[in-house]
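Each chain gets a letter, A, B and so on, in the order the sequences are listed, and its residues count up from 1. Just so it is clear, the values below take in all heavy atoms, side chains as well, and ignore hydrogens, waters and symmetry mates.
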2 protein chains.
Amino acid sequence: MATPRFETIKAHIESQINQGDLRPGDRVPSENQLCEQFDVSRMTARRALQALTDDGLLIRTPGLGSFVAEQRPVASMMEVRNIADEVQQRGHRYRAEILHMESCPADEQQAWLLNIKPGTELFHSLIVHYEDDLPLQWEDRLVNPAMAPEYLQQDFSQSTPNAYLSQVAPLTEASHKIEAVLVEEKIASALDIDRMSPCLQISRRTWSAKGVVSLATLIHPGDRYCLGGHVKQ
Amino acid sequence: MATPRFETIKAHIESQINQGDLRPGDRVPSENQLCEQFDVSRMTARRALQALTDDGLLIRTPGLGSFVAEQRPVASMMEVRNIADEVQQRGHRYRAEILHMESCPADEQQAWLLNIKPGTELFHSLIVHYEDDLPLQWEDRLVNPAMAPEYLQQDFSQSTPNAYLSQVAPLTEASHKIEAVLVEEKIASALDIDRMSPCLQISRRTWSAKGVVSLATLIHPGDRYCLGGHVKQ
DNA sequence: TGTCTATGGTTGTATATACAACTAGAATGC
DNA sequence: GCATTCTAGTTGTATATACAACCATAGACA
């Protein structure tokens, strides 16, 4: 039983939604219809629909049926977004300045966080992201070399580490911490702000199926960036 | 079938975890043990355990059993949490100082945000929340009087507006904005911080089934509070 | 015409059962 | 003593079945 049957059914419906064959508001086959279509028991069909509901793709109503959710689930701010896309979606020009990019041995804490042995070489990048000519984000990132061996060879002037890493090691898990901080002089000058202006600091650890991928500290000037989100139910 | 049986079992285990009868790492009764204990079928017991796993309270391993998760899941920051519960869960004493509590006419913008007519009387509260004797949150809240007519009569020295509102108008939707800011002198002194120290400001609009309930601005000293979260898949 | 009552279809809950995959520890054989 | 095999217990998947709660529609009835 390589992939469970309910996963197959789930994937089938999910792809129909993604490809537009099923549009928001459309009715999805009922549990019994799926039973016949895939030759499974009702509990199995049900499990597929339930999983899609948990993911926010479907809305099920007793007596009525299952329908494709009107609003695709809003990217919670927990979702790891790509700042280049964000900037371009706002209609501005994105560019990045790479300050630092090298391999260095992991100290005790870094090793623990990345789940590697202390002293192992890890990758370190330091990048400032710009919206037009205004610095928008300071990105300090440590990368588990086992997960992305080619990391240092990438060109991050146009793409972003985020985009690259999600390609080579699709993330399955992430933890975040969000704080308001003041920053040291080096960062302040890179972001072109006063040392006394408050910044939003996001510390993020990401996992792929095989383990910890990366450790990132993202710092935004408080007056140029905020996090937003909208949740239903 | 008022409350499903699996909900009962889930609640039972959840309370055991919350009360410390079951500690992180502890083993939870197996599916079969729960079957006997609650006189239900295995699928029902299983469903309770599965729900707890989805909530991040348990970790289940084939061949081994189900165990209380080491890390209590951090509420997604999208989730509207009750600061009183948060403080008490950390084992500290919660108290609140009510600075202001009255009804006043809605101006243009407030009316638009609360979806009421300009000039309508709305409720306004200003509360500082303490962890032990340290100010932890400045809460400036506007409430749609149609949703909670008794709002001004409540005693918020022990409970919180949050808790009260979620009782009288269970929320179905919320939108958030999170920023890093500096605060004015009045707020700084109420929070007992320097005017130059960065703060985390959360602006939150909440809906119930019947419409917009409330508009809150929450301000936390940057060095005393942060938002955290962990997402899987 | 309008109201009420079945009826069929849907999801929600629950049971009893079966087999597969995995783990730890005990029993066995060398 | 050591490695291997077996076994009991656990979770994961799947089936077949049953009844309850809910909804929209069609039909009966006034």
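For the pair B/Leu34 CG and D/dG9 C1', the interatomic distance rounds to 15 Å; values are reported in whole Å. The distance from atom CG of B/Leu52 to atom P of D/dT11 is 13 Å, rounded to the nearest whole Å. Residue B/Gln50 contributes atom CD, which lies 17 Å from atom C1' of C/dA14 at whole-angstrom precision. Between the P atom of C/dT15 and the CZ atom of B/Phe6 lies a distance of 12 Å, rounded to the nearest Å. Between B/Ile59 atom CD1 and D/dT11 atom C1' the separation is 14 Å, expressed in whole Å. Across the protein-nucleic acid pair, A/Arg60 atom CZ and D/dA21 atom C1' stand 14 Å apart, rounded to whole Å. In this structure, CG of B/Leu64 is placed 18 Å from P of C/dA21, rounded to the nearest angstrom. Protein atom CZ of B/Phe38 is 17 Å distant from nucleotide atom C1' of C/dT15, rounded to whole Å.
In this structure, A/Arg205 contributes its side chain and A/Leu113 its backbone to a donor-acceptor pair below 3.5 Å.
Comparing D/dT15, D/dT11, D/dC19 against the side chain of A/Arg42 picks out D/dC19 as the nearest. Residue A/Ser30 has its side chain nearest to C/dT10 when only D/dT10, C/dT15, C/dT10 are considered. The side chain of A/Pro4 approaches D/dA14 more closely than any other nucleotide in the set D/dA14, C/dT11, D/dG12. Closest to the B/Ser41 side chain, of the nucleotides D/dT10, C/dG12, C/dA16, is C/dA16. You'll find that the side chain of B/Arg27 is closest to D/dT10, out of D/dT13, D/dT10, D/dT15. In this structure, the nucleotide among C/dT11, D/dA14, D/dC23 sitting nearest to the side chain of A/Ser66 is C/dT11. Candidate nucleotides C/dT13, C/dT23, D/dT11 were compared by shortest atom distance to the side chain of B/Glu31, and D/dT11 ranks first.
Annotation for A/Ile178 and B/Cys226: closest pair O-CB, 3.1 Å, computed over non-hydrogen atoms.
A donor atom on one side chain and an acceptor atom on the other are found under 3.5 Å apart for B/Ser125 and B/Tyr151. In this structure, a donor-acceptor pair under 3.5 Å is absent between the side chains of A/Glu102 and A/His124. Side-chain polar atoms of B/Ser157 and B/Asp155 form a donor-acceptor pair below 3.5 angstrom.
Side-chain N/O atoms of A/Arg5 include one lying less than 4.0 angstrom from OP1 or OP2 on D/dT15. In this structure, B/Thr61 does not reach the C/dT23 phosphate: none of its side-chain N or O atoms is under 4.0 Å from OP1 or OP2. Taking only side-chain nitrogens and oxygens, A/Thr44 comes nearer than 4.0 Å to OP1 or OP2 of D/dT15. Contact annotation: A/Arg46 reaches the phosphate of C/dG12 (side-chain N/O to OP1 or OP2, under 4.0 Å).
Toward the 5' end of DNA chain C, the nearer of the two residues A/Met43 and A/Leu49, judged by each one's closest nucleotide, is A/Leu49. Comparing A/Glu7 and A/Pro62 against DNA chain D, the residue whose closest nucleotide sits nearer the 5' end is A/Glu7.
Between B/Glu31 and B/Arg60, at least one side-chain N (NZ, or NE/NH1/NH2) sits under 4.0 Å from a carboxylate O, which counts as a salt bridge.
Using a 4.0 Å heavy-atom cutoff across all strands shown, A/Arg47 reaches sugar-phosphate atoms only and no base atom.
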